[in-house]
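Structure first, commentary second.
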Amino acid sequence: MAGERLIGVLGLQGDYHAHGRMLEAAGAQVQVVKKTGQLPQVRGLVIPGGESTALIKLMDAGDWWEPLRAFAKAGNPILGTCAGMILLAGEVLNPPQKSLGLIDATVERNSYGRQVQSFEGVGTFGSGKQARPVPMIFIRAPRIRRLGPRAKALAFCQGDCVLARQGPVLVASFHPELTADLTVHRYFLGMGA
Ligand code: GLN
């Protein structure tokens, strides 16, 4: 059916076009979502990186909080990267700020140090024989400080969990849309989006 795999990319702020290109490369059709009324048209949503404080203001102005919680409760997959992860977390530190609370995780904003605001690394996705290297770009990135028992760690970099999932919610502290590696977007589409 046409539109069956239509995936939304939240287009309020941040690098949402790059996510759109990656999702298309992974075989999805993409729609930029700028109003809550568009949510019923998509079967999954990416909340991109950017600045979480700016996103919070825009989400307040557009009354996004309850529609996004309902969207996840209905089982629609949501991927949040960097600032998107901060918005999805259960608890935010440095400083504390409001969030959607859709994954039982505590995240610390700007946690990778002042002098190294951004870095590229190679992380490991999967475990055992399935484990493979994935290039990862961190930009003023949040760190996952705690993961609840219902959340699953899916990738690590330099000893930290950097990709985690709880039900339909997937979060990454890095920017998978800024490399050519489709691992995270393919995994997201495989979540039923
Ligand atoms: N430091 C930003 C914040 O706290 C996130 C940075 C990013 O999304 N690249 O919101």
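Each ligand, and each atom within it, is numbered from 1 in the order the structure gives. Computed from heavy atoms alone, side chains included, the values below leave out hydrogens, waters and symmetry copies.
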Atoms of ligand 1, numbered as shown, that sit under 4.0 Å from any heavy atom of [X]:
X     : answer
Ser52 : 3 (C), 4 (O), 10 (O)
Gly49 : 8 (O)
Ile86 : 3 (C), 4 (O), 10 (O)

Heavy-atom side-chain contact between Phe188 and Leu23 under 4.5 Å: yes

Close side-chain approach of Leu170 and Met191, heavy atoms under 4.5 Å: yes

Glu108 with Arg143: basic N within carboxylate O range, under 4.0 Å: no

Glu91 and Lys98 ion-paired at < 4.0 Å: no

Polar atom proximity, Arg109 to ligand 1 (N or O, under 3.5 Å): yes

Residue, atom name and distance, where the atom is the protein heavy atom closest to [atom]:
atom                   : value
atom 1 (N) of ligand 1 : Asn110 OD1, 2.7 Å
atom 5 (C) of ligand 1 : Gly50 O, 3.4 Å
atom 7 (C) of ligand 1 : Cys82 SG, 2.8 Å

Residue pairs fulfilling ring pair (Phe, Tyr, Trp, His ring centres under 6.0 Å) with at least one residue in residues 8-38, sequence neighbours excluded: His19-His185

Listed once per pair and sorted, the side chain to side chain donor-acceptor pair (under 3.5 Å) pairs that draw on residues 62-71, sequence neighbours left out: Asp60-Trp65, Glu66-Arg69

